[in-house]
Visitor: 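Before I ask anything, here is the structure I am working with.
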Number of protein chains: 2
Amino acid sequence: MSPRAGLTQEIVVRTAAKMCDAGEPLTLAALADRLGVRTPSLYNHIDGQDGLHRELTLYGSRELLDRITRAAVGVSGPEALIAVANAYRAFARQHPGVYAYTLRAPSPGDAEHVAAGEDAVGVLAAIFELMGLEPEEAIHAIRGFRSLIHGFVDLEMNGGFALPLDLDESYRRAVESYLTGIDAATE
Amino acid sequence: MSPRAGLTQEIVVRTAAKMCDAGEPLTLAALADRLGVRTPSLYNHIDGQDGLHRELTLYGSRELLDRITRAAVGVSGPEALIAVANAYRAFARQHPGVYAYTLRAPSPGDAEHVAAGEDAVGVLAAIFELMGLEPEEAIHAIRGFRSLIHGFVDLEMNGGFALPLDLDESYRRAVESYLTGIDAATE
DNA sequence: ATATTATACTAATGTTATTAGTTTTGCAAG
DNA sequence: CTTGCAAAACTAATAACATTAGTATAATAT
């Protein structure tokens, strides 16, 4: 009937990303259906379900790295960190499905994935060290910073904040408070 | 052969909890096998897979609430919050599988689950308000606090912290920095 | 023009969850 | 003590999904 549907890994992964961002359950069957193809045909482009997840993780990690990197150019200090925090949350809200994949720990062999994670940490490390933190202090500070913004975004996405009080304001205050505390601890 | 294996919902849920805490994939098939029973027999005690997940969520939420409540008795202020943060992390490390279920948003109809979540927030609200925060300020502060500790624990559990630097120290500093910032913002 | 390779297919298998309907046990009421 | 009943376990069957093996065909390179 139709050998040659013109698929490519790029198309498969991007379509999968759209589906999970839209909240649709992401199964190989549904993905194949969406692409007008039979399920086994996907195996020509991705290594099964695990492979698809790996690709989504990599895709999301790179995209997120790109966002926070761009958010940080031209600014420094707390201002830069606030910009990064806002870019991070904006990405997660815009791509809730893909965002969830970015959190997966890289497999030891997955050099590309590891690299994307290290680059993201590198962006933060540069900002903190320019603020006068020693490298080791910076690592602690980055861990807390990442924890705060990821935690907020994750709870927000999972309906963890029930009360009718402005979430933007809560986020702004949380980031601000943490940075104030870091500043106080540095002196 | 063996009608009457002596199962009860309690046993089913606790066994499921043990399995997911041990990192084993939690399927009804595996759970039934573990209990020495056929899969459909589980339906006498839980309402399918969704029902099991709901029970695990409730079980975990109550357990976690119990831990943080006990951690907070007899102490107040930042000391109490640090105790809560430590109890929270200890629970997550001890019960990684169950912890993941506690994060699920309660279904609107699930009054028991909603109540457990509100109680947990209530514990934190009491502490913050005794520290002099207005109710609305307290909500913002609680959101940030929960975000920080959940985010840290979640990243830690998912291998998000790669570098060989003491995690306990990072956690201690993160909580301390945040509380310092809250304190500064309150005056 | 032909050979090759990649892509998509059909067919088949195994796992899982779920429902329907059946048997049997343990307990309670007469 | 017997009889009846509800609950708990079972078997059987169905549907969704992922995966593998093997086959056909189209695009491309020779």
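For the numbers below, each heavy atom of this structure counts, side chains included, while hydrogens, waters and symmetry mates do not. Letters A, B, ... are given to chains in the order of the sequence lines, protein chains preceding strands, and every chain is numbered from 1.
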Visitor: Within the structure provided, determine whether E176(B) and I82(B) are in side-chain contact (heavy-atom separation under 4.5 Å).
Guide: no

Visitor: Using whole Å, report how far CD of Q9(B) lies from P of dA8(D).
Guide: 11 Å

Visitor: Expressed in angstrom and rounded to an integer, what is the separation of R38(B) atom CZ from dT11(D) atom P?
Guide: 5 Å

Visitor: Quick one, which residues of residues 39-54 of chain B touch DNA chain C with a heavy atom under 4.0 Å?
Guide: T39(B), P40(B), Y43(B), G48(B), Q49(B)

Visitor: Taking the ring centre of each residue, are Y178(A) and Y178(B) less than 6.0 Å apart?
Guide: no

Visitor: Of the residues in residues 10-32 of chain B, which ones touch DNA chain C at a heavy-atom distance under 4.0 Å?
Guide: T27(B), L28(B), A29(B)

Visitor: May I ask you to decide if the ring planes of Y88(B) and Y99(B) are parallel, tilted or perpendicular, using 30° and 60° as cut-offs?
Guide: perpendicular

Visitor: Counting distance only, does the side-chain N/O of S107(B) pair as donor-acceptor with the main-chain N or O of D110(B) below 3.5 Å?
Guide: no

Visitor: With a cut-off of under 6.0 Å to the ring centre and 45° to the axis, is R143(A) in cation-pi contact with F161(B)?
Guide: yes

Visitor: Hey, can you tell me if F128(B) and F145(B) have their rings parallel, tilted or perpendicular (30° and 60° cut-offs)?
Guide: perpendicular

Visitor: Identify the heavy atoms of P78(A) and M131(A) that sit nearest to each other, and give their distance.
Guide: CD-CE, 3.9 Å

Visitor: For residues A29(A) and T39(A), report the shortest heavy-atom separation together with the two atoms involved.
Guide: CA-OG1, 3.7 Å

